[in-house]
Amino acid sequence: MKRTHYCGELRAKDEGRDAIVMGWVHRRTGLVQVVFNKERQAAAHAKAEQVRSEFVVAVEGKIVKRQKANPELASGEIELVAMKLHTLNNAKTPPFAIEEEINAAEETRLRFRYLDLRRPKPHRNLALRHKIILEMRKVMDELGFIEVETPMLTRSTPEGARDYLFKQILMISGFDKYFQIVRCFRDEDLRADRQPEFTQLDLEMSFPRQEDIFHVIETVMVRACGVAGIKVAAPFPHMLYMDVIRKYGSDKPDLRFGMELHEVRSCFPEEAKQKLQMEGNVFALAAPGAAGYSRKQLDDLTEKAKALKARGAYFVKVTPEGLTSTVEKMIGAENVKKLAEACGAKPGDLVVAVSAKEQIKGTEAAALIAGQLRLQLGEALNLIDKSQWKFLWITGFPLFEWSETDKTWVSAQHPFTGIVDEDLEKLESAPWEVRSKGYDLVLNGYELGSGSIRIHRQDIQERLFKALGLSEEQLRRRFGFFLEALTYGTPPHGGIALGVDRIAMLLSGEKSIREVIAFAKTTAAQDLMADSPSEVDPGQLDELGLAVKPEVKKAAE
RNA sequence: GGGGACGUAUUUCAGCUGGUUAGAACGCUGCCCUGUCACGGCAGAGGUCGCGAGUUCGAGUCUCGUCGUCCCCGCCA
């Protein structure tokens with residue numbers, strides 16, 4: 001018995017044909033209606049009585065036109081009159097109905113992933129992901145890149161350095177344009193847009209100008225969006241890192257709405273700062289239409305700001321009748337007015353100001369916290385135009401950032417990132433002023449990728465490693481082979497890596513990367529279906545000469 | 001490591017200020033009806049209220065701990 005048609009493909013034009021279809025019995029999202037006539041096909045009818053939801057069946061029959069068409073169904077003009085019914089397999093009652101709309105907790109969906117994936121939406125998402133990746137490969141091939149695989153198993157390097165070492169070495173080897181769509185692994189805590197294993201479009205090219213790399217990526221993204229039926233225009237706009245932080249309080253700003261930040265420290269006189277126990281800078285924004293926010297809503301914003309380590313949050317309500325502020329007594333009517341004006345607030349707006357002492361990654365925490373509130377308010381006030389696709393290149397990153405945990409300067413991106421030529425002399429004397437040749441690609445508030453023009457001269461690479469505090473000995477031990485390779489005629493080169501899962505997520509209209517990864521993990525990095533990670537058989541450990549140490553619980557005080 | 005939300009029947013949820021036999025819908029089982037497509041009708045099964053302590057005459061409800069899922073901060077060289 002051979003399947004002749006897909007259920008979902010049958011249409012009015014097939015009327016009168018004999019057909020054999022195979023598939024699952026979905027009682028609610030059936031793709032083709034099958035009819036069993038009690039008199040004429042008594043045997044099949046009797047058998048059909050035994051069939052339950054999610055049974056796997058084959059039906060032999062004839063396509064006929066329906067008496068009454070069902071416009072809800074793609075195959076709604078016809079139905080299949082069953083002559084014979086074969087049960088190919090039975091099925092337990094599933095824990096949730098297999099239908100378009102998700103009706104189960106994510107925990108249940110992940111545990112029964114095979115049933116979750118049986119729904120039409122995961123099929124659409126994974127098919128789109130496939131088409132996007134296929135298009136990426138096509139574009140890269142058209143642009144003269146060749147895909148080269150690099151080792152996953154290699155010597156110990158600082159985490160992630162592996163990826164850079166090998167693709168840079170391919171440049172030294174004259175490959176000129178390399179790319180790879182490849183699985184990456186990272187040991188970080190998870191998020192809606194982060195999984196411990198994910199896929200990148202990684203590329204590297206020789207003799208590039210920054211704009212050459214941008215052009216390649218813009219071509220890739222325009223074409224990938226095209227696959228999803230989304231039209232975007234290239235080139236993408238550029239902004240400096242310092243400017244996005246100050247304007248949007250984020251290194252991955254969502255440009256689908258405005259509500260920019262303003263530095264308003266000068267609106268707070270010294271004595272007010274003392275009374276309010278303010279420290280550090282103050283950033284503010286004007287939230288359109290939020291002047292009517294209740295006390296509770298303001299409290300919630302304050303609480304959110306404080307949870308993000310803000311010193312405080314201060315509000316000005318702008319109404320046609322005038323200004324009212326939670327800090328009017330502290331800063332005076334004149335400064336309240338100045339504050340509202342600084343944010344360009346109009347009647348109906350709510351001005352939200354945030355102060356914070358600390359610096360995060362060398363940037364003012366107040367700006368970053370205000371940036372978080374901007375996102376929350378943008379969502380709450382429905383300011384985000386979901387039909388927009390706002391790409392942005394960010395450049396001008398600092399080369400180093402201060403690590404509070406290590407009390408030292410560390411690479412903001414990675415230690416192979418190129419250094420802006422005129423800043424080279426400050427490498428030892430004023431490292432915090434040195435700018436890198438790194439760049440990020442951002443879409444709608446998500447970081448899609450990050451790259452740089454690399455260091456290609458051995459002497460500069462060595463100077464950088466030393467500026468990072470690596471000793472000659474550490475340097476030889478960890479990067480010896482790489483530094484040696486650099487001495488054999490390394491061309492200028494640079495590249496970038498894009499997060500394929502995030503791209504697939506955004507182009508599918510999903511809010512979580514898990515919706516475009518077939519076998520996704522929980523935020524604790526567990527696979528609820530396979531029950532992984534799991535204990536390893538002692539014999540397997542013995543073979544490798546490994547022992548598992550029991551977890552050491554912190555002693556109680 | 002920190003903050004927040006959630007955890008009650010197969011599933012999705014309700015359960016007010018603690019009070020007697022813990023409810024609904026979906027699904028499931030049986031019967032009936034039936035050219036239906038969210039079919040309809042009747043009957044029924046199904047619950048350690050995540051787990052463990054505590055407070056109380058009495059805990060699904062309050063407190064603490066713990067486990068799990070999700071969101072966020074830190075982290076993402």
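Here is how names work: the chains are called A, B, and so on, in the same order as the sequence lines, proteins then strands, and each is numbered from 1.
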Would you say [X] reaches [N]'s phosphate, i.e. side-chain N/O to OP1/OP2 under 4.0 Å?
X	N	result
A:Gln33	B:U36	no
A:Arg191	B:C73	yes
A:Arg502	B:C76	no
A:Arg52	B:U29	yes
A:Ser450	B:C76	no
A:Thr523	B:U69	no

* To do: Compute whether any side-chain donor of one residue and acceptor of the other, for A:Tyr248 and A:Asp254, lie under 3.5 angstrom apart.
  => no
* Asked: Just by distance, with hydrogens left out, do A:Gln50 and A:Thr87 show a side-chain donor and acceptor under 3.5 Å apart?
  ->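 Note: A:Gln50 and A:Thr87 side chains miss the donor-acceptor criterion.
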* **Between A:Tyr293 and A:Phe315, ring centroids under 6.0 Å** =>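 No, the ring of A:Tyr293 stays outside the 6.0 Å limit from the ring of A:Phe315, centre to centre.
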* Between A:Phe96 and A:Glu79, who's closer to the 5' end of RNA chain B by nearest nucleotide? ->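 On the 5' side of the pair lies A:Phe96.
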* **5' precedence on RNA chain B between A:Asn70 and A:Pro95 (nearest-nucleotide basis)** =>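 That would be A:Pro95.
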Would you classify [X] as touching base, sugar-phosphate or nothing, given that sugar-phosphate means primed atoms plus P, OP1 and OP2, and contacts are heavy atoms under 4.0 Å?
X	result
A:Phe112	nothing
A:Asn103	sugar-phosphate
A:Gln413	base
A:Gln526	sugar-phosphate
A:Arg109	nothing
A:Lys309	nothing

Length of the line joining [X]:[atom1] and [N]:[atom2], which is rounded to integer Å:
X	N	atom1	atom2	answer
A:Asp300	B:C71	CG	P	21 Å
A:Asp116	B:U69	CG	P	16 Å
A:Leu115	B:U11	CG	P	13 Å
A:Asp193	B:C71	CG	P	9 Å
A:Arg194	B:C71	CZ	C1'	13 Å
A:Leu368	B:C76	CG	P	15 Å
A:Ile78	B:U36	CD1	P	18 Å
A:Leu308	B:G3	CG	P	14 Å

* Salt bridge present between A:Glu472 and A:Lys466 (N-O < 4.0 angstrom) ->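 A:Lys466 and A:Glu472: salt-bridged.
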Quick check for you: among [options], whose closest atom lies nearest to any side-chain atom of [X]?
X	options	value
A:Glu107	B:U69, B:U29, B:C73	B:U69
A:Ser53	B:C28, B:U12, B:C70	B:C28
A:Ala192	B:U36, B:C72, B:G35	B:C72
A:Lys68	B:U69, B:U36, B:C28	B:U36
A:Glu106	B:C70, B:C73, B:U11	B:C70

* Option passing salt bridge (Lys or Arg N to Asp or Glu O under 4.0 Å) with A:Glu379 (candidates A:Lys386, A:Lys511, A:Arg374) ->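 Considering A:Lys386, A:Lys511, A:Arg374, a salt bridge (Lys or Arg N to Asp or Glu O under 4.0 Å) with A:Glu379 is found only for A:Lys386.
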Pick the [atom1] atom in [N] and in [M], then give their distance to the nearest Å.
N	M	atom1	result
B:G58	B:U8	P	26 Å
B:C73	B:U11	C1'	33 Å
B:U55	B:G44	C1'	41 Å
B:C16	B:C62	P	9 Å
B:U61	B:G18	C1'	6 Å
B:C33	B:C42	P	15 Å
B:A5	B:A24	P	30 Å
B:U36	B:A22	C1'	37 Å

Which base sits across from [N] as a Watson-Crick or G-U pair, both distances under 3.5 Å?
N	answer
B:A43	B:U29
B:A9	none
B:G65	B:C51
B:C57	B:G19
B:C70	B:G4

* Locate the shortest heavy-atom distance separating A:Tyr314 from A:Ser355; write the atom from each residue and the value. => OH-OG, 2.7 Å
* To do: Give a yes or no on this: more than 12 heavy atoms of other residues, nucleotides or ligands lie within 6.0 Å of atom CZ of A:Phe481.
  => yes
* Is there a side-chain contact (heavy atoms from CB on, under 4.5 Å) between A:Tyr439 and A:Thr395 once you walk through the steps? -> CA-CA 5 Å; A:Tyr439 34 79; A:Thr395 60; 4.1 Å; yes
